[in-house]
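Encoded as structure tokens, the structure appears first; notes follow it.
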Amino acid sequence: MNVDCFDRIINIIATIGTAGSAIAAVWLGLRGDRCRVDGIFLWDGSTEYKPILWIRNISNRIAVLEYVEIYYDRILKKRLDFSKEYSLKNYAIVRANDTVEIPIDSMYLEVDESRYRDKESEKHQLKFKIKLRKGGKLTLKQELSYEELKNLLFCEVLF
């Protein structure tokens, strides 16, 4: 009698494991078909000291960008809305396994000098939130002090 009870318990556990693995396989299969992007914010000699948001589509589907929000020190500096700004229309669609380089106008990064006058070397977060039309969001973060931001803006003017 104890052997029958033990066999039933093992069969129940095996059934639960089989159902769980089938659910996990379906979930992973559906999850792999989503649009996903990755990106980086570049600003150096190779970009002629012009800020560029480099976005790569790492999925096998076309990704459509809805907007990019630019923050400095938790303050929204600019929202680039791809459906409303005609000048951004060429950057809205990122084909599968392709990249797009979005130029960022330096005036979006200008900040109120009086706010940072006493704490120029204190680091603040420069953040880009990228929202896809269908899919999730990507957040890129970089720590920059006001002094570093000011120097980068000055370098762009020189070059």
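Values below: every heavy atom of this structure, side chains too, minus hydrogens, waters and symmetry copies.
Taking OG1 of T139 as the start and CD of E69 as the end, the distance is 9.5 Å to the nearest 0.5 Å. To the nearest 0.5 angstrom, I62 atom CD1 is 13.0 Å from L132 atom CG. One finds the CD atom of Q142 at 6.0 Å from the CG atom of L126 (value rounded to the nearest 0.5 Å). Residue L53 holds its CG atom at 5.5 Å from CZ of F128, rounded to the nearest 0.5 Å. Rounded to the nearest 0.5 Å, atoms NZ (K89) and CD1 (I93) are 10.0 Å apart.
Looking at heavy atoms from C-beta onward, R133 lies in side-chain contact with S83 at the 4.5 angstrom threshold. With contacts defined as side-chain heavy-atom distances shorter than 4.5 Å, the pair I55/L65 qualifies. Residues R56 and W54 have side chains in contact (heavy-atom distance under 4.5 Å, counting atoms from C-beta outward). Side-chain contact between I104 and L80 is present, with heavy atoms from C-beta onward closer than 4.5 Å.
Residues I130 and L76 fall into different hydrophobic clusters, defined by Ile, Leu, Val, Met, Phe, Trp and Tyr side chains chained together at heavy-atom separations under 4.5 Å. F41 is not connected to Y71 by any chain of hydrophobic side-chain contacts under 4.5 Å among Ile, Leu, Val, Met, Phe, Trp and Tyr, and they are in different clusters. No continuous path of hydrophobic side-chain contacts links Y86 to V64 [ILVMFWY only; heavy atoms under 4.5 Å]. Cluster membership check: L138 shares its hydrophobic cluster with Y72, using side-chain heavy-atom separations under 4.5 Å among Ile, Leu, Val, Met, Phe, Trp and Tyr. By the rule that hydrophobic residues join a cluster once side-chain heavy atoms approach within less than 4.5 Å of another member, Y146 and L144 end up as members of one cluster.
Two rings, from F82 and Y67, have their centers 6.0 Å or more apart.
Here the rule is side chain to side chain contact (heavy atoms under 4.5 Å, CB included) with I13, and of I16, I10, I9 only I9 fits it. The one candidate from K127, Q125, R115 that meets the side-chain hydrogen bond (donor to acceptor under 3.5 Å, both in side chains) condition with D73 is R115.
With hydrogens and angles ignored, the 3.5 Å screen pairs a side-chain donor or acceptor of N57 with a backbone N or O of V94.
The shortest non-hydrogen separation linking I40 to L140 is N-CD1, 3.8 Å.
Salt bridge E148/K123: present, at least one basic N to carboxylate O contact under 4.0 Å. Salt-bridge check for D105 with K78: failed, with every basic side-chain N at 4.0 Å or more from each acidic carboxylate O.
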